[in-house]
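In what follows, a structure is listed as structure tokens, so that the remarks can point back to it.
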Amino acid sequence: MSDERNEELAATPGMLLTRRAFIARAATASALAGAALVYAPARLLCADWPAAYDERRGAVATFFMDRLYLDTTGRAQAYRPPAGARSAAPVEDLSEEEFRRRHVYV
Amino acid sequence: MADFSNQPTMKGFFAPTRFEADVYDCEVIGKIPAEINGAFVRLGGDWLYPPKYSDDSPFSVDGYISMFRFKNGVVDYKGRWVKTPRFRADLAAHKQLFGKYRNPFTDDPSAPKVDRTVANTTPLAFAGKLFALKEDALPYEIDPRTLETIGPWNFHGKYKSLTFTAHPKIDPVTGEMICYGYEATGLESNDVFLYTIDKTGHVTRELRFKAPYISMVHDIAITPKHVLIPVFGYVTSMERLKEGKVHWGWDGKAPAYVGVVPRDGEAKDIRWFQAPARATVHTLNARDEGSKVILEAPTYDSNPFPFFPSVDGTPWDPQRGRAYIRRYTFDLNSKDDGAREETLFSMNVSDLGRIDDRYTSLPYRYAYTGFNDRNRPFDESRAGNLSLRVNNSYGRFDLATGKMNRYFAGDTHSLQEVCFVPRRKNAPEGDGYLIGVASNFAEMRSELVIADAQRLEEGDVARVILPFRATSQVHGRWVNEDELPFA
């Protein structure tokens, strides 16, 4: 079945829900919830709300390496992954002992 | 088949590289000093196959030798496995046949009874030959033109120890090499054989003696009159090996000694001073001052290596697994066998400290080593969070004034062992360059940094860019153009 057909089915209530559609819906829901949490109190508290902020654009959710990034700055910017390879990241959560058991001289 | 998918510590920058390389006319930022010709030879390791046991020591990694060849301002790079009998046996079997560090009882039943060394610790250029050294076997001779492995070398049959240190010392005055083997007559023997080898590669002197107990004797220091032999903390036994444990365990109650051996003396002349309970894995230098013998070394407060666990089950303490530059004074006229200890710098450093090798055994002023400068930034967003574990700087430690100058490699970098290269053969101490390989975690590549040793704060003179990760190094040595028959 083509992706297009999947999308059509997914868009029809009661029909097959594709992974893509599920993620899109989840992201939208998360984004709206997150934006509401930030927007509502901020709107009440901040008298000088940034003039440049376009309320119609709302918040933006981005996925990077299976993690959700939610832009709540009001600038509606997508998350941009860092320019570096982050090649130390796979070992950064190891304890000092676990790390030095395998890597003595880094 | 090589499968590293279950090795959680071998990911990202720390994944094995597993290839041999030639790079001609490397990319350079800056200008290579035209006056230094020769090669920066590095020895370290890369896993051909994953370790057979998850709790094995990283010191079991297969040896890999590499070389940055400097010639008239141009640098070529070459890297090759050290093709030991063990390497060849694993490759033929398509798997890791050999078990834990220096424990043949843990080998696969199908493992052949060959030399178990992986030859992965220190390169040595001596008597016109290039060697790959590891302290559990004889030196492996390497062809300096191709870096291909020739085979073990026993100095024309006169070197009788079964093992050879990774840290022989070359006397800059006589050109002799002072070297030794411990566990010299086999596993779990406390025999130490100490040798003098002349500059043509012939053994001129052998001294056999017993260590106070069987322990790691990784490095020594020499003066014109003495050889200093640290023994500390690590213990082993045949029972331990038969129980399937890694070769060394840490015994915090074991006394630390420094043996002072007259270079022209006999075994009965050795005096074992009891030093403070530190771990002296590497030394900087030593000298004679009247009746005193002085040793300087970056010593650890306690066990530096968690993969050699405490024999009484005490958890490894990372706070005490740090090294500080210290001075030890042994008074040959004293009636007791104690030693005076001074901590020369309050900051902890990499214990891979170096000096200007032309001053080995002689009065000297500067020590060099890496350290973590926490006042410098580390870009976690580009490199990953390794900020507290990297050596982002090299320091020049002035032992006369206590002053330290520093070189910073970059905010996504960690530096491997430093090496001092004299500007000219007759240049004064400290007049030259610091070189070393930096891991760039943001660009996933290695870079050879070259800095003026007298102007470290100014940064690089030049930086050689490799388009890949060079195999991790333990030790590196600068070899002058006239020391080896390079291509």
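By convention in this document, chain letters (A, B, ...) are assigned in the order of the sequence lines, proteins followed by strands, and residues within each chain are numbered from 1.
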[X] versus chain A, the contacting section by heavy-atom distance below 4.5 Å:
X: B:Asn385; answer: both
X: B:Pro51; answer: side chain
X: B:Phe308; answer: neither
X: B:Gln7; answer: neither

- Is A:Arg86 reaching over with its side chain to a backbone N or O of B:Ser381, donor-acceptor style, under 3.5 angstrom? yes

- Task: Using atom types as modelled and distance alone, determine if a side-chain donor or acceptor of A:Ser87 lies under 3.5 Å from a backbone N or O of B:Phe441.
- Result: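 Answer holds: yes.
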
Kindly give the heavy-atom pair with the smallest separation between [X] and [Y], and that separation in Å.
X: B:Gln473; Y: A:Tyr105; value: O-CB, 4.4 Å
X: B:Asp56; Y: A:Arg102; value: O-NH1, 3.4 Å
X: A:Val91; Y: B:Thr9; value: CG1-O, 3.8 Å
X: B:Lys11; Y: A:Pro90; value: CB-CB, 3.3 Å

- Not counting sequence neighbours, which residues clear side chain to side chain contact (heavy atoms under 4.5 Å, CB included) with B:Ala470? List them please.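 Per chain and number, B:Ala470 pairs via side chain to side chain contact (heavy atoms under 4.5 Å, CB included) with B:Arg42, B:Tyr77, B:Ser446, B:Leu466.
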
- Message: Counting heavy-atom pairs closer than 4.5 Å to chain A, which one of B:Val61, B:Leu352, B:Asp379 comes out on top?
- Response: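 Counting heavy-atom pairs under 4.5 Å, the top option is B:Leu352.
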
- Query: Who among B:Arg389, B:Glu380, B:Gln416 has the most heavy-atom pairs with chain A under 4.5 Å?
  - Reply: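 Among B:Arg389, B:Glu380, B:Gln416, the one with the most close pairs to chain A is B:Arg389.
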
- Query: What orientation do B:Phe14 and A:His103 show, parallel under 30°, tilted 30 to 60°, or perpendicular over 60°?
  - Reply: tilted

- Item | Option passing side chain to side chain contact (heavy atoms under 4.5 Å, CB included) with A:Val104 (candidates B:Ser472, B:Ser57, B:Pro304, B:Pro58) |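 Option passing the side chain to side chain contact (heavy atoms under 4.5 Å, CB included) with A:Val104: B:Pro58.
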
- Item | Side chains of A:Arg101 and B:Trp316 in contact at under 4.5 Å (non-hydrogen atoms) |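 Answer no - side chains too far apart.
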
